[in-house]
Amino acid sequence: MTETMTRPPEGKTLVLNADDNIAVALANLEVGTPTAQGVAIIRLVPRGHKFATRPIAAGEAVVKFGQIIGFAKQAIAPGDWVHEHNCGMGGPDGTLAHDYAFAEGAVPVALVPEAQRPTFQGYRRANGSVGTRNYIGILTSVNCSATVAKFMAEAINRSGVLDDYPEIDGVIPFVHGTGCAMDLTGEGYQIFRRTQWGYTSNPNLGAALLVGLGCEAFQIDKMKEAYDLKETDTFQTMTIQEIGGTRKMIDWGVERIKEMLPVAARARRETVDASHLTLALQCGGSDGYSGITANPALGVAADLLVKNGGTAILSETPEIYGAEHLLTRRAVSREVGEKLIERIHWWEDYTRRNGGEMNNNPSPGNKLGGLTTILEKSLGATAKGGMSPLNAVYEYAEKVTEKGFVFMDTPGFDPVSATGQVAGGANILAFTTGRGSAYGCKPVPSIKLATNSDMYARMQDDMDINCGDIVEGVSIEAKGQEIFDLLLKVASGERTKSEALGYGDNEFVPWQVGAVM
């Protein structure tokens, strides 16, 4: 996807590609407003929405970013508002066929020599991974142990003992609503097990407890056996039934955490290069500006990280749907490209089985912000991944072992998607939003990127960077560098806005797939 933006002097409209037959409104355009494209507006076009720059016949493709985003349901006159009333998906089943060329555009990355890479201050772990934070986590094998996990964390926080350990960022209870009544041979169980192990081993945790009830489907001992886990001074497990009840379980957990605190607090930040960053790429509450400002700017930052030996994880499979053909061309091999398409076909089947369709996304908020079809949303969302070669495709919560730009199959729902990325090893996260998503992610700091200046002005307490000034003249490259520089500062300990607000305790949401038994 090319972003050859042309900006008229008055700055009210924007054409993204010479092949486009629509333009984007940068302000509310009233009927009769003349535009730089030589057409007058014939129906009110809200800010962030689209209007036709030339006649579009019924059934003809609507083109944005130089790519098809839908088809005209009826003839659309120049200057008319283009949205879901007159633009829809193609094909009788709501899909659009793409030419999946493989590994055509994968240009090898020229890595920056190690001695010249930018650095940050991180926590080096015994296994060679590097954390950007130093939390103690309390994981729960089942919903039935959620309450004791919360009570353990509350008791520690009330005690004031954390004041003696400034190197500890906090104690987090990772609670959820699953862990039982699941098929022990199904993919839902495998996903949940990977997620639990992934959080336990995430480099942003200096120590972890795993607590359960005892009779649940997800057995702690089975997980320990699967991953060859041994109890240590930074990893302990227990169940309520084994220890003798709720009160004894809480007391046990509090004592174990107090024992872990001095051990985890031995960690000290040290200078490491940017190759130790694994960046989760997220977007939520997208709008018509997302694919124009914040997403491509984050893509530049992702490419900078890749050039410096780091890793960037693009996810949200339903939100690359319709743009996956651009990623297959960047795959380093046919095998990698075909694995991505296999996940796309899985999602098509998954939505059919559940009586849905892929174009159920965009959400109502996305549509209010100017996005019409999933094709349009996906083309903008994919821009977060920059232009680097696609090195690998992972299933949900799989451990990410490849460096460079990779893809992880996740839902589009932000907390579920980010949970998978963190389980995969992400130690920092960047989140673009146009409508103003309120989100944070413990144990991984989340940098919030506003796509438009109006929302940034309203929600400055939540937003870390304003990318809306790109439509006012700031280059995408300069904004990408600004994001990359902030990634390094946050990785070194600078707090994000969501961290300052205390977000992150409720955003652990493992993906639940399959029947609840």
Side-chain angles (χ1 to χ4, degrees), residues 135-156 171-202 204-257 259-260 395-399 415-416 418-420 422-425 442-443 504-517:
Y135 282 100
I136 292 177
I138 311 171
L139 287 107
T140 56
S141 66
V142 66
N143 172 257
C144 307
S145 56
T147 298
V148 296
K150 288 181 179 179
F151 286 166
M152 290 172 190
E154 289 170 1
I156 291 292
V171 176
I172 318 167
F174 293 108
V175 301
H176 54 84
T178 184
C180 202
M182 57 172 56
D183 179 3
L184 300 183
T185 63
E187 58 187 337
Y189 177 84
Q190 299 301 325
I191 284 171
F192 184 62
R193 187 173 71 177
R194 289 199 301 267
T195 303
Q196 291 281 30
W197 165 233
Y199 264 69
T200 302
S201 59
N202 186 280
N204 285 9
L205 290 187
L209 297 179
L210 177 54
V211 299
L213 176 61
C215 56
E216 59 268 26
F218 184 83
Q219 288 288 301
I220 292 175
D221 285 344
K222 292 291 185 182
M223 173 183 154
K224 290 161 66 176
E225 179 182 333
Y227 293 105
D228 192 26
L229 301 179
K230 302 292 189 293
E231 307 240 342
T232 67
D233 55 2
T234 58
F235 178 68
Q236 297 280 312
T237 67
M238 183 56 67
T239 68
I240 297 170
Q241 292 169 354
E242 179 183 359
I243 202 167
T246 298
R247 173 48 57 195
K248 290 178 182 177
M249 184 68 174
I250 295 168
D251 292 342
W252 175 90
V254 170
E255 289 307 309
R256 296 294 81 72
I257 293 169
E259 293 170 0
M260 288 176 169
E395 294 192 27
Y396 186 88
E398 273 193 306
K399 192 65 69 177
V416 179
T419 295
V422 173
K442 291 178 181 177
D505 288 327
N506 301 306
E507 283 75 9
F508 175 70
V509 189
W511 186 14
Q512 295 188 49
V513 176
V516 176
M517 306 300 286

**OP:** Could you check if a side-chain atom of I257 sits within less than 4.5 angstrom of a side-chain atom of V171, using non-hydrogen atoms only?
**Re:** yes
Original post:
Does the pair L209 and L139 meet the rule for a side chain to side chain contact (heavy atoms under 4.5 Å, CB included), with working shown?
Top reply: CA-CA 6 Å; L209 297 179; L139 287 107; over 6 Å; no
**OP:** With rounding to the nearest 0.5 Å, note down the distance linking CG in D505 to NZ in K442.
**Re:** 3.5 Å
**OP:** Determine, stepwise, if the pair Q190 / R193 fulfils side chain to side chain donor-acceptor pair (under 3.5 Å).
**Re:** CA-CA 5 Å; Q190 299 301 325; R193 187 173 71 177; 3.2 Å; yes
Subject >> Nearest heavy-atom neighbours spanning M152 and I138 >> reply: CB-CD1, 3.8 Å
**OP:** Could you walk me through whether F151 and M249 pass the side chain to side chain contact (heavy atoms under 4.5 Å, CB included) test, one step at a time?
**Re:** CA-CA 10 Å; F151 286 166; M249 184 68 174; over 6 Å; no
Subject >> F508 vs T195, side chain to side chain contact (heavy atoms under 4.5 Å, CB included): CA-CA, chis, key distance, verdict >> reply: CA-CA 10 Å; F508 175 70; T195 303; 4.0 Å; yes
**OP:** Can you see which heavy atom on K248 is nearest to which on I243, and at what distance?
**Re:** CD-O, 3.5 Å
Subject >> Distance, nearest 0.5 Å, that separates CD1 of I172 from CD1 of I156 >> reply: 13.5 Å
Original post:
Is a donor on one side and an acceptor on the other found under 3.5 Å between the side chain of S145 and the backbone of V211?
Top reply: yes
Subject >> Test side-chain contact (heavy atoms from CB on, under 4.5 Å) applied to T237 and R256, K224, E242, the passing residue >> reply: K224
**OP:** Please assess C215 against Q241 for the test side chain to side chain contact (heavy atoms under 4.5 Å, CB included), listing each intermediate value before the final yes or no.
**Re:** CA-CA 8 Å; C215 56; Q241 292 169 354; 3.2 Å; yes
**OP:** State, with a plain yes or no, whether a side-chain heavy atom of Y227 is found less than 4.5 Å away from one of S201.
**Re:** no
Original post:
Could you state the interatomic distance from OH (Y135) to CZ (F174), rounded to the nearest 0.5 Å?
Top reply: 8.5 Å
**OP:** Kindly compute the distance separating OG (S141) from NE2 (H176), expressed to the nearest 0.5 Å.
**Re:** 6.5 Å
Original post:
If you look at every heavy atom in N506 and V509, which pair is closest and at what distance?
Top reply: O-CG2, 4.1 Å
**OP:** State, to 0.1 Å, how close T200 and M223 come at their nearest heavy-atom pair, and which atoms those are.
**Re:** OG1-CE, 4.2 Å
Original post:
Would you say V422 and P443 make side-chain contact, with heavy atoms under 4.5 Å?
Top reply: yes
**OP:** Determine yes or no for a side-chain-to-main-chain donor-acceptor pair under 3.5 angstrom, with E255 supplying the side chain and I250 the backbone.
**Re:** no
Subject >> Distance, nearest 0.5 Å, that separates OG1 of T140 from CG of L210 >> reply: 8.0 Å
Original post:
Are side-chain heavy atoms of F218 and Q196 found at a separation under 4.5 Å?
Top reply: yes
Original post:
Shortest non-hydrogen contact from K399 to G424?
Top reply: CD-O, 3.6 Å
Original post:
Would you find a donor on one side and an acceptor on the other, under 3.5 Å apart, between the side chain of E398 and the backbone of E395?
Top reply: yes
Subject >> Smallest separation among heavy atoms of Y189 and L184, with atom names >> reply: CD2-O, 3.5 Å
Subject >> T178 vs N143 side-chain heavy atoms within contact, under 4.5 Å >> reply: no
Original post:
Between the side chain of E216 and the main-chain N/O of L213, is any donor-acceptor distance below 3.5 Å?
Top reply: yes
Original post:
Can you tell if the side chain of E259 reaches within under 4.5 Å of the side chain of Q236, non-hydrogen atoms only?
Top reply: no
Original post:
Is the side chain of Y396 donor-acceptor paired with the backbone N or O of R194 at a distance under 3.5 Å, no angle test?
Top reply: no
